[in-house]
Amino acid sequence: MVYVSDSKPIVIRVERLNVWLGRVHVLKDVSGLAIPRNSVFAIMGPSGSGKTTLLKTFNRIIELNRDARVEGKVTLDGEDIFSMDPVVLRRRVGMVFQQPNPFPHMSIYDNIAYALRANGIVKDKARLREIVRSVLEQVHLWDEVNSRLNSPAGKLSGGQQQRLVIARALALKPEVLLMDEPTSMVDVVNARKIEQLITELRRSITIVLVTHNPQQAMRISDYVAFLYDGRLIEWGPTKIVFSTPSNKLTEMYVMGRV
Amino acid sequence: MKGQEALILSLTLAATALVFAPFFWILGAVAYNGALVLAKAGLGFLLKRPPLPGTNSLGGIGTVIEGSLLIVGMAMAIATPLSLLTALHITLHEDSPIAKLGRALMDIMVEFPTIVIGISVFLIFGLALGLGLSALTASIALAVIMIPYTTIQAVEAMKIPKEVVYEAAVALGLREGHVAKIILTEGKGGVITGVLIGMAKIFGETAPLLFTTATSFDILANSPLSPVSAVPVLIFVYAFSPYTNWQEVAWGASLVLSLIVLGIYIAVRLSLSKGGLRE
């Protein structure tokens, strides 16, 4: 296993993490994983390796599955996430899903503004408008939608919807943004825009990105972890993992043989 | 083979025609006889008091329309929030034992004989709790009948929003109340349909009202505790009476009731075509 050697502070640490979904042992003793602040951290691995389960553990959304059982320790800025109020945790750790999932009947504007209002973060209308504009600009969507902010979000294209939900998550100013294969359901042009966006966002936020595509991990991540059959095989700076993997399985995976 | 296909087609067509026949026959009879009465009595039929028996007067059904509107309105006021909250619980906690029990109970209640609901509500609320033959007793009986219809429809309407946006809403750090509001808003077409279907169901409901409303039809209810009468009960009593003018009023009232229920179903179809349950 490769350990990060630079001095960036760690946002998320994982120790002895085991997750079961019903009787299936999905994550097996994942330990020693440390996600540095303001980086793009990719989790790669073949289908069924536990990538999404690991991601969903970081904001405890895995607990929505009544069959899920989680053991072990995950910390956010040193604080055990399992002793935090999950609602508060989810405001600090945002998430973007594989399938674009805006609230389709809600307007584009309200998709972003709703959580800010409901969570009591922003009450002032002018400030709300400012934030909506700023996050839509951040995801390069403002020019495409500024004339129809009141139309339902369900009318946007798939790629635009995915950028809208990224904007929705960013509006809450999370410390960490979890992204579960965010480009797999969108067209090539939008996928490129989202990848570009991810590399821009790393300046202000930590991104944990699940991908089944090693090339994508190589292109946009600073660090990468390789999961196989629920086990953490190795992780470290992307360049090192891809150029000199310490494990034979990782080598085979990046070469497309697993 | 061609002969066999033709035979199957004729059988299915004949069965379909047979199913249509009573519908059109009933509708035709109600429309024809009812229209004659309405033509004779004029629009005042909707407002005037019922006539004295054995006279030439048709009067009207104003008092029972008022009674029906009052008890259906009160039943909806009771049943709608209860149904929607129950549906939300069943939707948001579908794997919990209480939600599973709730869903099973709704499925049973929807098939429950309404006459049994009527007599039970009369015994509990009318007699034991002393509400008597009041608008409140009647509306409670109708609410009990409406709740499973509306709840089941609302659960179905919220199924897809639950699948599509529930995780997203939770991931935004929203509390359950706000998550519920999003699910309800996203499924609102189907939820409104559910309320309308429940309303149509109780508007024409007769059996429970036989136990909970008065059979004197010249009453204008002015409070929830006043005695009340309703259109379906008037039809039942007047149709079986020996007086020609009352029988005519029963036809007219049947047409009015059919048009109201038909109107509600048209509203349901419209809300379905605008999204509703198909979303």
Side-chain angles (χ1 to χ4, degrees), chain A residues 22 52 55-56 58-68 84-107 110-121 152-154 161-162 164-166 168-174 177-180, chain B residues 84 87-103 153-154 156-195 270-279:
Chain A
T52 298
L55 199 73
K56 286 184 168 181
F58 292 156
N59 65 348
R60 292 178 57 187
I61 213 145
I62 191 77
E63 292 169 18
L64 296 182
N65 184 338
R66 286 176 71 87
D67 293 332
M84 290 167 72
D85 175 352
V87 167
V88 174
L89 170 70
R90 288 168 196 146
R91 290 175 192 174
R92 291 172 62 186
V93 181
M95 187 164 191
V96 171
F97 296 81
Q98 187 174 3
Q99 179 86 37
N101 54 8
F103 307 131
H105 291 85
M106 220 182 246
S107 69
D110 279 335
N111 259 272
I112 297 170
Y114 185 83
L116 290 166
R117 278 194 301 250
N119 291 349
I121 297 169
Q161 288 187 12
Q162 192 66 312
L164 175 65
V165 298
I166 295 173
R168 183 175 69 184
L170 291 175
L172 294 168
K173 293 201 175 302
L177 184 60
L178 311 173
M179 302 180 101
D180 187 6
Chain B
L84 297 192
L88 271 170
H89 186 82
I90 293 173
T91 305
L92 296 181
H93 305 277
E94 58 187 339
D95 295 328
S96 80
I98 290 183
K100 282 181 181 166
L101 181 69
R103 177 63 210 232
Q153 289 291 340
E156 292 302 318
M158 289 190 276
K159 217 174 228 172
I160 291 174
K162 164 84 191 296
E163 277 170 28
V164 178
V165 298
Y166 178 64
E167 268 195 334
V170 173
L172 286 171
L174 293 169
R175 299 267 176 210
E176 177 148 320
H178 290 117
V179 175
K181 193 176 164 193
I182 289 176
I183 302 283
L184 200 57
T185 311
E186 291 297 329
K188 90 178 155 198
V191 170
I192 292 170
T193 304
V195 173
L270 284 177
S271 86
L272 278 172
S273 66
K274 279 184 185 163
L277 296 176
R278 285 179 212 158
E279 279 160 16

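We name chains A, B, ... by the order of the sequence lines, and we start the count at 1 in each one.
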Hey, what do you get for [atom1] ([X]) to [atom2] ([Y]), rounding to the nearest 0.5 Å?
{"X": "Met106(A)", "Y": "Thr185(B)", "atom1": "CE", "atom2": "OG1", "answer": "5.5 Å"}
{"X": "Asn101(A)", "Y": "Glu167(B)", "atom1": "CG", "atom2": "CD", "answer": "8.0 Å"}
{"X": "Glu186(B)", "Y": "Phe103(A)", "atom1": "CD", "atom2": "CZ", "answer": "7.5 Å"}
{"X": "Glu163(B)", "Y": "Gln99(A)", "atom1": "CD", "atom2": "CD", "answer": "11.0 Å"}

Heavy-atom closest pair, residues [X] and [Y]:
{"X": "Arg168(A)", "Y": "Ala168(B)", "answer": "NH2-CB, 3.5 Å"}
{"X": "His178(B)", "Y": "Tyr114(A)", "answer": "O-OH, 3.2 Å"}
{"X": "Val165(B)", "Y": "Pro104(A)", "answer": "CG1-CD, 3.8 Å"}
{"X": "Ala115(A)", "Y": "Leu174(B)", "answer": "CA-CD2, 3.8 Å"}
{"X": "Gly173(B)", "Y": "Val87(A)", "answer": "O-CG1, 3.2 Å"}
{"X": "Leu172(B)", "Y": "Asn119(A)", "answer": "O-ND2, 3.2 Å"}

Option in Ile61(A), Asp67(A), Val96(A), Val165(A) with maximal non-hydrogen atom pairs under 4.5 Å from chain B: Ile61(A)
Selection from Asp85(A), Leu178(A), Val88(A) maximising heavy-atom pairs under 4.5 Å formed with chain B: Asp85(A)
Flag side-chain contact, heavy atom, 4.5 Å: Pro161(B) against His105(A): no
Pro86(A) versus chain B, the contacting section by heavy-atom distance below 4.5 Å: neither
